[in-house]
Amino acid sequence: MKYYIIAGEASGDLHGSNLIKYLQQKDPGCLIRAWGGDKMQAQGAILVKHINELAFMGFVEVAKNIRTILSNINFCKADILAFDPDAVIFIDYPGFNLRIARFCKASKIKTIYYISPQIWAWHQSRIKAIRRDIDKMLVILPFEKDFFARHNFEVDFVGHPLLDALSESQSSESNEDFLTRNGLSTKPIIALLPGSRKQEIVRMLPVMASIVAQYPHFQFVVAGTMAHTPDFYKQNMGNELLTVVFGETYSLLKNALAALVTSGTATLETALIGTPQVVCYKTGDFSYQIARRLVKLKYISLVNLIMDEKLVSELIQNELNPQRLARELDIISLDENKRQLLAVKYDQLREKLGGKGASEKAASIIHSFTKGSL
């Protein structure tokens, strides 16, 4: 069979790559064409557009790039028709994907959404488009099944694919080997995760780096993505010269005492690895004011949302300043009671997410549904 997969962000590339791996096991010889990143391409997908060209963050950034976005939508529609897939699989990225889903439905192409848009946070009106245009929905957060049930839409909960990704990334490498290989000292590590998009890094990294001088007994290490150059990171460190470790975020977190993490999937990855963290979020004032009026949630981090409690501290917008950041870092790096509580709660989080096997389960449902046996 032929599958067309659309992911627009780094997390979608990760989950898409694991899905592709198991789709190929369920359907040997299948053809997969995709919008995604290096991970999906490495699993054998024919890449149409790279996520580096697609990730526009915030209302202002989207408005500035509206011509590019509309051009991509038109190109995607034509490419789907030319490929003539048995199904189109959407991975999050709702502003783009829901437009394409409507086109696919009208073109009588099966539509499958894997990793639901977070319409429970905002844009709940999108449920109408989902019911109309999506043939099969697979969700990865435990509360999403009940949410969609309340809106008369049946979905399949498959568990969270991060548990698979983390399991497969486990390494027997020692702490000493990791330090030596990356030219690091034996000082305790504070991991900095400023995000994957350029916009995020430009906003987040300078604030994170601003407290480094207060902690000479720690070494601060940046989790870098291969999409950006060392010079780009260096330009956003302020007066600090920090080590950037590229493409090893999981290993970095496993060897870190604590982490400062930009809100997003990385907060959940950090929790599942077991690293105490402070969640950080900052965007443009205009985008923030709009989001504040639209988003109806108690928390912004997936960790707190899934646990339904303030487990990790969230520093949002003006609260994300050097004073607050240093205060929260002191708590998670020095307060042993807090660290032990986090360890217990992180275990409970893993249980709530349903254990390993999400990617294989999703691939099985998608394959069966596409060939018509579901």
Side-chain angles (χ1 to χ4, degrees), residues 3 5-23 26 34 36-37 39-40 43 51 87-94 97-98 101 111-124 126-127 130 134-151 153-169 250 263-273 297 299-308 311 346-369 374:
Y3 303 95
I5 305 178
I6 306 174
E9 299 173 310
S11 59
D13 180 40
L14 171 64
H15 301 323
S17 68
N18 286 321
L19 178 66
I20 290 168
K21 172 184 172 182
Y22 287 105
L23 275 175
K26 307 289 179 186
K39 291 182 173 65
M40 290 170 71
Q43 287 294 341
I51 54 174
V88 177
I89 302 166
F90 306 99
I91 300 180
D92 201 0
Y93 199 46
N97 274 338
L98 286 174
T111 56
I112 302 165
Y113 223 122
Y114 174 50
I115 304 183
S116 160
Q118 295 178 352
I119 64 170
W120 36 265
W122 68 313
H123 263 323
Q124 289 197 16
R126 282 176 166 166
I127 188 65
I130 288 172
I134 301 302
D135 297 317
K136 173 66 76 172
M137 171 77 81
L138 285 67
V139 301
I140 63 172
L141 298 174
F143 58 79
E144 290 179 319
K145 189 172 179 66
D146 291 338
F147 170 83
F148 281 106
R150 290 196 301 271
H151 289 85
F153 189 66
E154 184 180 347
V155 303
D156 292 282
F157 171 62
V158 296
H160 207 295
L162 272 181
L163 293 166
D164 297 329
L166 289 167
S167 175
E168 291 171 8
S169 73
Y250 291 173
S263 180
T265 303
T267 64
L268 189 54
E269 292 173 310
T270 303
L272 294 176
I273 287 170
L297 294 174
Y299 311 110
I300 64 166
S301 71
L302 285 171
V303 178
N304 291 344
L305 284 168
I306 295 167
M307 295 299 291
D308 196 25
L311 179 56
Y346 281 173
D347 282 340
Q348 294 173 8
L349 174 68
R350 294 184 192 97
E351 290 177 13
K352 280 197 170 191
L353 289 174
K356 294 185 290 185
S359 302
E360 184 173 10
K361 186 175 181 181
S364 181
I365 292 171
I366 289 170
H367 177 241
S368 295
F369 180 75
L374 273 185

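Note that the numbering runs from 1 along the sequence shown for the chain.
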**Derivation of the side chain to side chain contact (heavy atoms under 4.5 Å, CB included) call for H160 and L272** = CA-CA 11 Å; H160 207 295; L272 294 176; 5.5 Å; no

If we ignore hydrogens and angles and just use 3.5 Å, is the side chain of [X] paired with the main-chain N or O of [Y] as donor and acceptor?
{"X": "T270", "Y": "A266", "answer": "yes"}
{"X": "D164", "Y": "K356", "answer": "no"}
{"X": "S368", "Y": "S364", "answer": "yes"}

**Request:** Go through the steps to decide whether V88 and F90 satisfy the test side chain to side chain contact (heavy atoms under 4.5 Å, CB included), and finish with yes or no.
**Result:** CA-CA 7 Å; V88 177; F90 306 99; 3.5 Å; yes

**Message:** To check you understand the geometry: which heavy-atom pair defines the closest contact between I306 and P142, and what is its length?
**Reply:** CG2-CG, 4.3 Å

**Request:** Taking all non-hydrogen atoms of both residues into account, name the closest pair between A363 and Y22 and its distance.
**Result:**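 Heavy-atom minimum between the residues: CB-CB, 3.5 Å.
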
**Pairwise distance CG(L311) to CG(L305) - rounded to 0.5 angstrom** =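 Taking CG in L311 and CG in L305, the distance rounds to 11.5 Å.
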
Are side-chain heavy atoms of [X] and [Y] found at a separation under 4.5 Å?
{"X": "V158", "Y": "Y114", "result": "yes"}
{"X": "D135", "Y": "I112", "result": "no"}
{"X": "R126", "Y": "P94", "result": "yes"}
{"X": "H15", "Y": "L162", "result": "yes"}

**Message:** Show, in sequence, the C-alpha distance, side-chain angles and deciding distance for D156 and K361, and conclude whether the salt bridge (Lys or Arg N to Asp or Glu O under 4.0 Å) test is met.
**Reply:** CA-CA 10 Å; D156 292 282; K361 186 175 181 181; over 6 Å; no

**Request:** May I ask you to check whether E9 and Y93 show a side-chain donor-acceptor distance below 3.5 Å?
**Result:** no

